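The structure presented is a predicted model; accordingly, all values stated were derived computationally and were not measured.
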Amino acid sequence: MSPTQLKKLQELSQIFSQGKANPKQIQQLSALLAQINRYDEESQPVENEQVTFIAAPRFG
């Protein structure tokens, strides 16, 4: 999350906690959360990557 996104999220969070959010601010929050979620998904390693282990030979 960028510093700009964090600042906007904090501002919107304060407005929502006061119960003063209007439809435009609801839309802004939705768009911001979508941006943050896309960023997080892109920066995470792929969990379903298959890894193949080759056993070491056993002697004796």
Side-chain angles (χ1 to χ4, degrees):
M1 177 178 347
S2 72
T4 305
Q5 289 172 324
L6 178 59
K7 183 177 179 182
K8 187 64 178 176
L9 184 58
Q10 289 171 334
E11 291 170 1
L12 290 170
S13 177
Q14 185 173 6
I15 293 167
F16 272 75
S17 69
Q18 296 169 354
K20 298 179 181 179
N22 62 38
K24 183 179 178 183
Q25 290 162 328
I26 295 169
Q27 188 175 15
Q28 286 176 340
L29 179 62
S30 177
L32 179 59
L33 291 174
Q35 281 179 353
I36 292 167
N37 285 333
R38 276 195 301 275
Y39 174 79
D40 285 345
E41 287 173 5
E42 291 171 5
S43 65
Q44 295 293 325
V46 177
E47 292 180 20
N48 294 332
E49 281 186 24
Q50 206 166 23
V51 178
T52 303
F53 291 97
I54 300 172
R58 294 184 183 186
F59 297 104

Starting at [atom1] of [X], measure out to [atom2] of [Y] and round the result to the nearest 0.5 Å.
{"X": "Met1", "Y": "Ile36", "atom1": "CE", "atom2": "CD1", "result": "4.5 Å"}
{"X": "Gln25", "Y": "Ile15", "atom1": "CD", "atom2": "CD1", "result": "4.0 Å"}
{"X": "Leu32", "Y": "Gln27", "atom1": "CG", "atom2": "CD", "result": "12.5 Å"}

Taking side-chain contact (heavy atoms from CB on, under 4.5 Å) as the definition, give me every residue that meets it alongside [X], ordered by chain and number, with sequence neighbours left out.
{"X": "Lys24", "answer": "Asn22, Gln28"}
{"X": "Ser2", "answer": "Thr4, Gln5"}
{"X": "Leu33", "answer": "Leu9, Leu29"}

When you look at CD of Gln14, are more than 12 heavy atoms from neighbouring residues, nucleotides or ligands closer to it than 6.0 Å?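 Atom CD in Gln14 is not crowded, with 12 or fewer foreign heavy atoms closer than 6.0 Å.
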